[in-house]
Amino acid sequence: MRLSAYPLQNMKEVPAEAEVVSHQLMLRAGLIRRLAAGLYTWLPMGLRVLRKAEAIIREEMNRAGALELLMPTIQPAELWQESGRWDQFGPELLRLSDRHERQFVYGPTHEEVITDIARRELKSYRQLPVNFYQIQLKFRDEIRPRFGVMRAREFIMKDAYSFHADEGSLVEGYRLMHEAYTRIFSRMGLKFRAVLADPGAIGGTGSQEFHVLADSGEDAIAFSDGDDYAANLEKAEAIAPTSPRSAPKAALTQVATPHVKTIAELAKLLSVPADQCIKTLIVDGAQGDLVALVIRGDHELNAIKAQNLPDVASPLKMADPARIAAELGAEIGFLGPVGLNCRIHVDHAALHLADFICGANRRDAHLTGVNWGRDLPEPSGSDLRNVVAGDPSPSGKGILSIARGIEVGHIFQLGRKYSEALGATVLDEQGKATTMLMGCYGIGVTRVVAAAIEQNHDEKGIIWPEPLAPFDVVLIPMNLQKSDRVRAASEALYAQLTAAGFDVLFDDRDARPGVKFADAELFGIPHRLVVGERGLDSGTLEYRHRRAAENEELPHADVVTFLKSRQSHQ
RNA sequence: CGGGGCGUAGCGCAGUCUGGUAGCGCAUCUGCUUUGGGAGCAGAGGGUCGUAGGUUCAAAUCCUAUCGCCCCGACCA
């Protein structure tokens with residue numbers, strides 16, 4: 001493509017609406033433009049990236065034996081009533097009526113439609129297993145769309161649905177998709193992790209999320225260095241210490257700690273590490289009572305784990321401070337388990353402490369040298385906290401690290417939820433109707449593009465992983481308007497590279513070199529070639545990779561073989 | 001939905017407190033010069049100040065309503 005014929009502008013200034021890097025760079029480089037909240041136009045440069053991502057997904061889905069189809073974005077309400085989700089889904093589901101007052105939804109997902117296809121078309125177990133997929137627009141009326149295309153209302157998703165006659169086939173289909181997803185994200189050149197997701201929510205035995213690793217990711221994930229265990233931070237189990245607890249050495253002592261409200265202040269005042277203190281959090285109980293949760297001072301409460309305790313209210317709610325004072329006779333900041341008049345749950349790590357420090361349940365005082373079993377009854381331990389880097393892996397191998405990730409894919413075994421609701425059955429070997437098992441596998445295609453930028457950028461702009469780049473090569477002629485030699489050489493090079501199969505961005509604008517270099521870097525094109533009078537005299541071109549700091553001299557005649565050897569894919 | 005904030009030229013902003021008829025930078029257009037890291041000079045175009053009422057001799061500015069957007073939270077995946 002010739003940049004002189006590309007009418008759209010990029011921007012030097014960052015639009016005020018963009019908060020995250022990928023959003024800023026996508027706007028600045030002219031990949032997308034916002035139409036309304038959560039609705040974006042993909043401009044030509046951006047669409048090229050989107051198409052590259054789609055092509056990789058399509059190839060790998062096909063390779064895995066999935067069959068592509070295309071379902072409507074608008075779906076009749078009846079199907080959603082049949083599955084029960086018409087009532088369950090809430091305002092995230094965009095509902096609309098046609099001129100006959102018939103009700104429809106703009107599909108946020110397509111389980112209903114695909115299950116309808118399956119019950120009409122699939123009659124025999126001999127037609128199974130089968131996996132249908134599409135790459136289609138979805139709409140979810142998010143309460144707060146943000147981060148540009150990362151959390152938009154309208155987005156493109158690759159969604160696949162598999163149908164199986166038995167459990168073994170479902171597990172095998174799931175495994176195939178896991179493999180396909182691993183190939184897809186690897187081919188895209190992204191650093192990613194497959195992460196255990198909540199198996200309880202949907203049911204079935206398996207569910208994994210695929211996360212692109214990026215510091216700006218919304219989800220924290222914990223993964224082991226000893227095997228491939230990885231889980232959402234919220235779901236990662238903190239295992240109980242196996243070593244025996246140290247014996248008590250210190251005597252129980254009350255110390256004055258005026259105005260100390262936080263663990264940090266307490267640790268500083270007493271010159272002890274935070275992990276020698278415990279904090280006591282009071283939450284609403286399931287019976288309208290109060291429940292105390294005790295964790296180590298340097299740990300964080302995990303709300304999901306806490307609210308899963310049978311006597312804790314769900315969703316988790318911190319107790320009202322006035323009520324704590326009234327019922328427990330102590331203020332926040334000075335609470336502790338010793339003599340506390342309510343039910344207490346203690347995290348394994350807190351339970352492992354000896355001679356620890358906690359609130360004295362009276363104003364401006366704490367206790368030191370506290371010991372379980374000696375100064376208060378020995379409680380049983382629970383898992384209440386978020387894991388931290390350095391914890392042993394629940395898999396039993398290695399220790400955990402914490403990273404942030406962006407969820408770009410999700411695979412799970414659905415079981416019979418939709419096939420049962422919609423009556424999707426086939427005849428088995430005995431000629432008996434049997435409800436099909438389903439798996440469901442999504443990739444947020446538009447989100448992948450944003451995630452790729454979050455993971456790969458610098459202060460100058462985007463650094464596309466080569467498989468996703470809108471162009472392979474950017475060709476920058478120096479002084480094109482004045483030098484006939486440069487014009488002839490760069491035109492010839494443009495034709496030559498294009499013929500050799502490269503996507504070439506030819507910056508033939510009448511602009512100063514600095515502008516062209518800056519734009520090439522903002523666009524993130526992996527390979528850059530500069531044609532100038534200097535090089536022409538010596539028969540060379542200047543080459544530079546987007547990630548490189550230095551130019552390389554390159555014999556003009558070798559350019560095609562050179563670029564092919566530098567391409568990190570295909 | 002709760003809390004906070006913002007709507008002035010394509011983008012980024014000033015002007016609003018203290019009413020007097022709209023400005024700066026970038027971008028765009030024209031001309032000349034310039035051309036190896038976001039050029040210089042000279043000129044030009046572009047805004048019913050989100051919208052609708054109200055107060056006033058006079059409203060971007062004060063009042064009321066309304067719409068849109070952004071951030072935090074809750075919610076959702």
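Residue numbers begin at 1 in each chain, while the letters A, B, ... track the order of the sequences.
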Peer 1: Whole-Å distance between B:rG36 P and A:R485 CZ?
Peer 2: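 Going from CZ in A:R485 over to P in B:rG36 covers 16 Å.
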
Peer 1: Considering every strand and a 4.0 Å limit on heavy-atom distances, what is the contact class for A:E521: base, sugar-phosphate, or nothing?
Peer 2: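 The residue A:E521 makes base contact.
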
Peer 1: Look at the side chain of A:M11 and decide which nucleotide, out of B:rC11, B:rU35, B:rG38, has an atom nearest to it.
Peer 2: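 From the listed options, B:rC11 comes nearest.
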
Peer 1: Could you measure the distance from the CG atom of A:D228 to the CZ atom of A:R193? Nearest 0.5 Å is fine.
Peer 2: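 The CZ atom of A:R193 is 9.0 Å from CG of A:D228, to the nearest 0.5 Å.
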
Peer 1: In whole Å, I'd like the distance from the CG atom of A:D141 to the P atom of B:rC1.
Peer 2: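 After rounding, the gap between these two atoms is 12 Å.
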
Peer 1: Searching all strands shown, indicate the nucleotide that pairs with B:rU48 (Watson-Crick or G-U wobble; both distances under 3.5 Å).
Peer 2: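 Pairing partner, where one exists within any strand: none, as none qualifies.
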
Peer 1: How would you label the contact of A:R509 with the nucleic acid (heavy atoms, under 4.0 Å): base, sugar-phosphate, or nothing?
Peer 2: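 Since no nucleic acid heavy atom lies under 4.0 Å of A:R509, the category is nothing.
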
Peer 1: Among the nucleotides B:rG37, B:rG36, B:rA77, which one has an atom lying closest to any side-chain atom of A:E407?
Peer 2: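 For the A:E407 side chain, the nearest candidate turns out to be B:rA77.
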
Peer 1: Please state the C1' separation for the pair B:rA22 and B:rG36 - nearest whole angstrom.
Peer 2: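 B:rA22 and B:rG36 have their C1' atoms separated by 42 Å.
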
Peer 1: Measure from the side chain of A:R544, starting at C-beta and using heavy atoms only, and say which of B:rG37, B:rA77, B:rG12 lies closest.
Peer 2: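 Nearest to the side-chain atoms of A:R544, counting from C-beta on, is B:rG37.
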
Peer 1: Between A:L522 and A:P145, name the one whose nearest nucleotide on RNA chain B is closer to the 5' end.
Peer 2: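 It is A:L522, whose closest nucleotide lies nearer the 5' terminus.
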
Peer 1: If I pick the C1' atom on B:rG25 and the same atom on B:rA65, what distance separates them, to the nearest angstrom?
Peer 2: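 One C1' to the other, the span is 35 Å.
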
Peer 1: Would you kindly give the CZ-to-P distance between A:F517 and B:rU35, to the nearest whole Å?
Peer 2: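 About 15 Å, once rounded to whole Å.
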
Peer 1: Of the nucleotides B:rC75, B:rU35, B:rG12, which has the atom closest to the A:E13 side chain?
Peer 2: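 It is B:rG12.
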
Peer 1: Could you check whether A:K482 gets within reach of a base, just the sugar-phosphate, or nothing at all, counting any heavy atom under 4.0 Å?
Peer 2: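 Here A:K482 touches the bases of the nucleic acid.
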
Peer 1: The side chain of A:E92 lies closest to which of these nucleotides: B:rC70, B:rC76, B:rG36?
Peer 2: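 Shortest atom-to-atom distance from the side chain points to B:rC76.
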
Peer 1: Counting Watson-Crick and G-U wobble pairs only, both distances under 3.5 Å, name the nucleotide matched with B:rC6, or none.
Peer 2: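 Base-paired to B:rG68.
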
Peer 1: Closest-nucleotide mapping onto RNA chain B: is A:G535 or A:E142 further toward the 5' terminus? I mean the 5' end.
Peer 2: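 The residue whose closest nucleotide sits nearer the 5' end is A:G535.
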
Peer 1: Which one, B:rA39, B:rC70, B:rG73, comes nearest to the side chain of A:V515?
Peer 2: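 Ranking B:rA39, B:rC70, B:rG73 by closest atom to the A:V515 side chain puts B:rA39 first.
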
Peer 1: Checking all strands, does A:A518 fall into the base, sugar-phosphate, or nothing category for heavy-atom contacts under 4.0 angstrom?
Peer 2: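 Since a base atom lies under 4.0 Å of A:A518, the category is base.
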
Peer 1: Which one, B:rC69, B:rU34, B:rG38, comes nearest to the side chain of A:K12?
Peer 2: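 The nucleotide sitting nearest to the side chain is B:rG38.
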
Peer 1: Check whether any side-chain N or O of A:R512 sits under 4.0 Å from OP1 or OP2 of B:rA39, and answer yes or no.
Peer 2: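 Yes, within the criterion.
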
Peer 1: Could you state the CG-C1' distance from A:L541 to B:rG36, rounded to the nearest angstrom?
Peer 2: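 From A:L541 CG to B:rG36 C1': 15 Å.
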
Peer 1: Would you mind pulling out the nucleotide paired to B:rG25, Watson-Crick or G-U wobble, both distances under 3.5 Å?
Peer 2: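 Checking every strand shown, B:rG25 finds its partner in B:rC11, with both distances under 3.5 Å.
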
Peer 1: Which listed nucleotide (B:rG12, B:rC70, B:rG36) is nearest to the side chain of A:P15?
Peer 2: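 Per side-chain heavy atoms of A:P15, the pick is B:rG12.
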
Peer 1: For nucleotides B:rU34 and B:rA39, find the distance between their P atoms and express it as a whole number of Å.
Peer 2: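 Looking at atom P only, B:rU34 and B:rA39 are 16 Å apart.
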
Peer 1: What is the distance, rounded to the nearest whole Å, between atom NE2 of A:H23 and atom C1' of B:rC11?
Peer 2: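 After rounding, the reported distance stands at 14 Å.
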
Peer 1: ring-ring contact (aromatic ring centres under 6.0 Å, His included) between A:F185 and A:H211: does it pass, once the steps are laid out?
Peer 2: CA-CA 10 Å; A:F185 296 119; A:H211 285 255; over 10 Å; no

Peer 1: Counting Watson-Crick and G-U wobble pairs only, both distances under 3.5 Å, name the nucleotide matched with B:rC41, or none.
Peer 2: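 For B:rC41, the partner nucleotide comes out as B:rG31, under the 3.5 Å rule.
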
Peer 1: Can we call the ring centroids of A:Y161 and A:F132 under 6.0 Å apart?
Peer 2: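 Between A:F132 and A:Y161, which both carry aromatic rings, the centre distance is not below 6.0 Å.
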
Peer 1: Round to a whole Å and report the spacing from CD of A:Q24 to P of B:rC70.
Peer 2: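 After rounding, the gap between these two atoms is 14 Å.
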
Peer 1: Of the non-hydrogen atoms in A:L233 and A:N302, which two are nearest, and what is the gap between them?
Peer 2: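 Looking at all heavy atoms of both residues, the shortest contact is O-ND2, 3.8 Å.
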
Peer 1: Which atom pair, heavy atoms only, marks the closest approach of A:G30 to A:Y6?
Peer 2: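 In terms of heavy atoms, the two residues are closest at O-OH, 4.1 Å.
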
Peer 1: Taking only N and O in the side chain of A:R144, is any of them less than 4.0 Å away from OP1 or OP2 of B:rA74?
Peer 2: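 No, A:R144 has no side-chain N/O under 4.0 Å of OP1/OP2 on B:rA74.
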
Peer 1: Given 3.5 Å as the limit, does a donor-acceptor pair link the side chain of A:Q24 with the main chain of A:V14, or not?
Peer 2: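 No; judged by distance alone, with no hydrogens or angles, the pair does not exist.
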
Peer 1: For B:rG20 versus B:rG38, give the span between their P atoms, rounded off to a whole number of Å.
Peer 2: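 Taking atom P in both B:rG20 and B:rG38, they lie 42 Å apart.
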
Peer 1: Could you tell me the Watson-Crick or G-U partner of B:rC1, where both distances fall under 3.5 Å? Say none if there is no partner.
Peer 2: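 With both distances under 3.5 Å, B:rC1 matches B:rG73.
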
Peer 1: Rounding to an integer number of angstrom, what distance separates B:rU55 and B:rA14 when you compare their P atoms?
Peer 2: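 Their P atoms lie roughly 31 Å apart.
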
Peer 1: Name the pairing partner of B:rU55, where a pair is Watson-Crick or G-U wobble with both distances under 3.5 Å, or state none.
Peer 2: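 By the stated definition (distances under 3.5 Å), nothing pairs with B:rU55.
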
Peer 1: Starting the side chain at C-beta, find the nucleotide from B:rG38, B:rG36, B:rC70 nearest to A:A37.
Peer 2: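 Between B:rG38, B:rG36, B:rC70, the one nearest the side chain of A:A37 would be B:rC70.
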
Peer 1: So, does the side chain of A:D519 form a donor-acceptor pair with the base of B:rG38 at under 3.5 Å?
Peer 2: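 Looking at the base of B:rG38, it does pair with a donor or acceptor on the side chain of A:D519 (distance under 3.5 Å).
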
Peer 1: Search all heavy atoms of A:M438 against all heavy atoms of A:S419 and return the closest pair with its distance.
Peer 2: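 Closest heavy-atom pair between A:M438 and A:S419: SD-N, 3.9 Å.
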
Peer 1: Would you please indicate yes or no on a ring centroid separation below 6.0 angstrom for A:Y181 and A:Y441?
Peer 2: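 Ring centres of A:Y181 and A:Y441 not closer than 6.0 Å.
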
Peer 1: Rounding to an integer number of angstrom, what distance separates B:rG50 and B:rG5 when you compare their C1' atoms?
Peer 2: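 One C1' to the other, the span is 16 Å.
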
Peer 1: B:rC70, B:rG38, B:rC75: which one has an atom nearest the side-chain heavy atoms of A:R146?
Peer 2: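 Among B:rC70, B:rG38, B:rC75, the one nearest the side chain of A:R146 is B:rC75.
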
Peer 1: Quiz question: going by heavy-atom distance under 3.5 Å, is there a donor-acceptor pair between the base of B:rG36 and the side chain of A:E533?
Peer 2: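 No.
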
Peer 1: How far apart are the closest heavy atoms of A:H527 and A:E466, and which atoms are they?
Peer 2: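 Smallest interatomic distance, heavy atoms only, reads NE2-OE1, 3.2 Å.
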
Peer 1: Give me the distance, rounded to whole Å, that separates B:rU8 from B:rU48 when you measure between the C1' atoms they each carry.
Peer 2: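 Approximately 12 Å lies between the C1' atom of B:rU8 and that of B:rU48.
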
Peer 1: Considering only atom P, compute the distance from B:rA60 to B:rC49 and round it to an integer number of Å.
Peer 2: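 Between the two P atoms, the distance is 6 Å.
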
Peer 1: Just the rounded figure in Å: distance from C1' of B:rU35 to CZ of A:R487.
Peer 2: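 Distance, rounded to whole Å: 14 Å.
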
Peer 1: Could you give the CZ-to-P distance, from A:R528 to B:rG37, as a whole number of Å?
Peer 2: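 Atom CZ in A:R528 sits about 11 Å away from atom P in B:rG37.
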
